[in-house]
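Counting begins at 1 with the first residue of the sequence.
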Amino acid sequence: MDASDRAPGWAPPLMAVQFLTRLPVPVLARLTGAQAGDGLTRAMAWLPLVGTLIGGVTAGVYVAAGLVWPPVVAAVLALMVEALLTGAFHEDAVADFCDAFGGIARGDDALRIMRDSRIGSYGALGLGLSVALRVAAIVALPAGIAVAAIVAAATVGRLWAVLLAYILPPVAAGTGLAARIGRGMPLRRLAGALLLTVPGVVLLVMHDPAALVFTAGAGVVFLWWIARFLRGRIGGSTGDCLGFAAYMGQLAVLLAAGMA
């Protein structure tokens, strides 16, 4: 790569913000096409930290709304704000993943279903149940732990997406997001993502270190399963698969925190 095609140091974290949220980042318009491509691949290491910021907003809304309304209403409002902030990025991935693999579709058929913007019965059921479970898990937590768990969940969920992108290459015919950010990810980028996960999980470790131990174990099992499953069904990963992994990571943290 020519030196002029490499994104400046400030670009990858801002591209991670642009990638995971709907916040405008006008300064990125200065980048050339090659620099934008390089910045996006390097942005993977920053996804957990941006997840921490998203989790902080969600937790803040939950606390503020809880001063006025019951916990279940506060949790729903917090997830609504999060969906607006992120453009329901991962929720859409959950619906697409469930639509594609809820039946017996494989290969090109599964990929075609995932690319379809319409939500079918499997997608509606999967999305509805996953959001309901997330609300229930938040409401079941004591207030102090809930805040730490929401932030940690948003952080760890994005880490799971990075881990899946590292261990499973994108589908051979992929031209979408997974193909742009996941192909050939170096170990140093994964190490960066692991390091930037730490700020988001510190509070939960202080409250309940066992929850992170359980989550780590669940992550190993889940990532082994989904990598094996996707290799057999479509031969690799897609952006929706990474988004599904991120949402499952969030659920794992919240459920682990509720086991205390």
pair [X]-[Y]: side-chain heavy atoms closer than 4.5 Å:
X	Y	value
L129	L125	yes
L254	I138	yes
P12	L40	no
W69	V76	no
M15	L28	yes
V57	E82	no
M248	I226	no
L203	V151	no

[X], [Y]: one ILVMFWY side-chain cluster at the under-4.5 Å cut-off?
X	Y	answer
M80	F89	yes
W46	L195	no
V220	L168	no
V68	V135	yes
L79	V253	yes

Kindly indicate, with the supporting measurements, whether the criterion side-chain contact (heavy atoms from CB on, under 4.5 Å) is fulfilled by L20 and H90. CA-CA 9 Å; L20 287 180; H90 298 309; 4.1 Å; yes
In Å, rounded to the nearest 0.5 Å, how long is the span from CG of L159 to CG of L190? 7.5 Å
From L84 CG over to R22 CZ, what is the distance, rounded to the nearest 0.5 angstrom?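 It is 11.0 Å, given to the nearest 0.5 Å.
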Under a 3.5 Å cutoff, is there a donor and acceptor pairing between the side chains of T197 and T155?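 Short answer, no.
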Count the heavy atoms of every other residue, nucleotide or ligand shown that sit under 6.0 Å from CZ of R228, and state whether that count exceeds 12.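 It does not: R228 CZ has 12 such atoms or fewer within range.
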Just wondering, more than 12 heavy atoms not from F222 lying within 6.0 Å of its CZ?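 Enclosed.
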If you take all heavy atoms of [X] and [Y], which pair is closest and at what distance?
X	Y	value
V50	P13	CG2-O, 4.4 Å
G51	R158	CA-CD, 4.0 Å
L255	A137	CD2-CB, 4.2 Å
C98	G123	CB-CA, 4.0 Å
S130	V94	OG-CG1, 3.8 Å
A75	V139	CB-CG2, 3.9 Å

Return the orientation label for the F229 and F97 ring planes: parallel under 30°, perpendicular over 60°, tilted otherwise.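 Tilted: the ring planes of F229 and F97 meet at 30° to 60°.
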Knowing that exactly one of V61, I54, T58 qualifies, which makes a side chain to side chain contact (heavy atoms under 4.5 Å, CB included) with L85? I54
Verify side-chain contact (heavy atoms from CB on, under 4.5 Å) between L230 and F101, making sure each step is shown before the conclusion. CA-CA 10 Å; L230 292 173; F101 300 112; 3.7 Å; yes
Judged by atom type as modelled, is there a donor-acceptor pair below 3.5 Å linking the side chain of D240 to the main-chain atoms of D96?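 Not confirmed, D240 side chain does not pair with D96 backbone.
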Okay, side chain of T21, backbone of Q18: is any donor-acceptor separation there less than 3.5 Å?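 A pair under 3.5 Å: no.
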Apply side-chain contact (heavy atoms from CB on, under 4.5 Å) to F19 and L47, showing your working. CA-CA 9 Å; F19 174 50; L47 297 191; 3.6 Å; yes
Tell me, with the steps shown, if R189 and V162 meet side-chain contact (heavy atoms from CB on, under 4.5 Å). CA-CA 9 Å; R189 197 162 296 144; V162 176; over 6 Å; no
